[in-house]
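See structure below.
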Amino acid sequence: MDDPVAVREALLDPGTFRPDNAVLAHTPLSVKALRVLSGAGFALPPTLANNAGESHRPIRAAVARFFSPARVAAVEPLARELTSARVDAARAQLAYGDQVDLVQAIAAEPPALVVLHLLGLTDVDVPALKAWSLDSLELFWGQPDADRQLELAHSAAEFYSWLRARTSAARTAPADDLFGALVGLGLTDEEVCAVGYFLLIAGQETTTQLISTAFQRLIEAPGEPVDAVEEVLRESSSVPTWRRVTACPVTVGGAEVPAGAPVLLGLSGHGGPADLAFGIGVHRCLGAGLARLEARVALECARDLLSGVRLVEEPPMIDLLSFRAPKRLLVTASEPSDTL
């Protein structure tokens, strides 16, 4: 479904277009992969993105307080400090004649460090979190073959085991952090882990991908305004589609769709508003304001650098059902005659 008006109507009608399939594996998982996940107690009961029940509201409210407008605004200096330091390091590498991957050098870690700060989480292995996130996105939204599924399942199981350990620690000694808030809500271990699993992925990896897409846009079209993030959200969001399933027979675009039919909603690239990229209604992305802030800060910090580099290859892409962005942006300093 690509028409922005129809997509908006579907998102505003979760009774008809239910979110039950939002985090199901796009490619059915093999028995071996399922066995690995089962060994870690892996379970994703309805909590946030896949929850149309009564428990959605209190869980969402508990998480939303970490992303209040005031908290998001207060984290801008941290986002700017983290990004500026990485821009400076990349600039130094380029000055020595090195090639630099702007995704890893600048876009990758700041969103993770910022969201962990907001959620009150410390002692987190950020490179491991980034690897877990990419692997989980591929496992649930990609088309991995059986061998690749097994690799990805081991990664997802490792992530889930880490979430279980943090949940157990929160039950023993609750803190004023994400896990403490969820445990205090009376959620089961599986529910706490399910919230943590996708929140810790969506809260930073999709922002890295948004920043990477914006970087590519400014390298290829250096005249873009510094607020190009809104144009990216409209035209090529890092989350271009999302899934729903029909609860009853419904007419979509003049066609009759039966109950239980999966529906793929186009969130960007079809002439809709930038806000549609974050969803509409009760399941709107809680981190929309944070993602916008971090992308804006990244573009402001890196704009001069981006105007003085050129891509040395066609960027390989993360190309999944609901996630698309440059996997790598390998650049070198422009020759003086190439610099605009």
Could you go through the side-chain contact (heavy atoms from CB on, under 4.5 Å) check for V252 and V250 one step at a time?
CA-CA 6 Å; V252 176; V250 63; 4.0 Å; yes
F215 and L306: CA distance, side-chain angles, deciding distance, side-chain contact (heavy atoms from CB on, under 4.5 Å) verdict
CA-CA 7 Å; F215 278 6; L306 296 174; 3.6 Å; yes
Would you please say whether a donor-acceptor pair under 3.5 Å links the side chains of [X] and [Y]?
| X | Y | result |
| --- | --- | --- |
| Q149 | K32 | no |
| S322 | T241 | yes |
| S268 | E235 | no |
| K327 | S212 | no |
| S307 | D304 | no |
| E256 | T251 | yes |
| D88 | S84 | no |

Minimum heavy-atom separation for [X] to [Y], with atom names?
| X | Y | result |
| --- | --- | --- |
| V103 | P326 | CG2-O, 3.9 Å |
| A107 | P111 | O-CD, 3.3 Å |
| A291 | T207 | CB-OG1, 3.8 Å |
| V312 | V331 | CG1-C, 4.1 Å |
| A25 | R243 | C-NH1, 4.1 Å |
| L311 | I219 | CG-CG2, 3.9 Å |

Could you measure the distance from the [atom1] atom of [X] to the [atom2] atom of [Y]? Nearest 0.5 Å is fine.
| X | Y | atom1 | atom2 | answer |
| --- | --- | --- | --- | --- |
| I201 | L134 | CD1 | CG | 9.0 Å |
| S238 | E205 | OG | CD | 9.0 Å |
| L163 | E158 | CG | CD | 11.0 Å |
| L330 | R310 | CG | CZ | 10.5 Å |
| L321 | L264 | CG | CG | 5.0 Å |
| W162 | L200 | CH2 | CG | 5.5 Å |

Counting heavy atoms not belonging to [X], are there more than 12 under 6.0 Å from its [atom1]?
| X | atom1 | answer |
| --- | --- | --- |
| E313 | CD | yes |
| R284 | CZ | yes |
| R8 | CZ | no |
| E220 | CD | yes |

Any donor-acceptor N/O pair, [X] side chain to [Y] backbone, under 3.5 Å:
| X | Y | result |
| --- | --- | --- |
| R18 | G260 | no |
| S30 | A33 | yes |
| D101 | L329 | yes |
| R303 | A298 | no |
| R86 | L82 | yes |
| T167 | D189 | no |
| H283 | N51 | yes |
| T208 | A108 | yes |
| T172 | S168 | yes |
| N21 | R244 | yes |

Working for salt bridge (charged side-chain N to carboxylate O under 4.0 Å, His left out), residues D319 and R324
CA-CA 5 Å; D319 194 6; R324 180 173 173 79; 3.4 Å; yes
Audit row: L121, R166, side-chain contact (heavy atoms from CB on, under 4.5 Å) steps and yes/no
CA-CA 10 Å; L121 301 178; R166 296 297 290 240; 3.9 Å; yes
Hydrophobic clustering (ILVMFWY, side-chain heavy atoms < 4.5 Å, transitive) - are [Y] and [X] grouped together?
| X | Y | result |
| --- | --- | --- |
| I280 | V239 | yes |
| L150 | Y160 | no |
| L24 | L265 | no |
| L113 | I211 | no |
| L286 | L11 | yes |

Taking the side chain as C-beta and beyond, is there a heavy-atom pair between [X] and [Y] under 4.5 Å?
| X | Y | result |
| --- | --- | --- |
| E109 | P127 | yes |
| P273 | R234 | no |
| T16 | C248 | yes |
| V297 | L299 | no |
| F278 | R292 | yes |
| D177 | L119 | no |
| L199 | L178 | yes |
| T332 | V309 | no |

With H26, which residues qualify under ring-ring contact (aromatic ring centres under 6.0 Å, His included), at least two apart?
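Counting only residues at least two positions away or on another chain, H26 forms no ring-ring contact (aromatic ring centres under 6.0 Å, His included).
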Is the centre of the F198 ring less than 6.0 Å from the centre of the W141 ring?
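When the ring centroids of F198 and W141 are compared, they turn out to be within the sub-6.0 Å range.
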Which label fits F323 and W242: parallel for a plane angle under 30°, tilted from 30 to 60°, or perpendicular past 60°?
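Judged by the thresholds at 30° and 60°, the geometry between F323 and W242 is perpendicular.
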Could you label the plane-to-plane angle of the Y197 and F159 rings as parallel, tilted or perpendicular, counting under 30° as parallel and over 60° as perpendicular?
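It falls in the tilted class, 30° to 60°.
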Mind running salt bridge (charged side-chain N to carboxylate O under 4.0 Å, His left out) on E76 and R296 for me, showing each step along the way?
CA-CA 10 Å; E76 179 170 346; R296 172 178 59 80; 3.1 Å; yes
Would you sort out whether R328 and L102 count as a side-chain contact (heavy atoms from CB on, under 4.5 Å), showing the intermediate values?
CA-CA 7 Å; R328 183 174 63 240; L102 298 182; over 6 Å; no
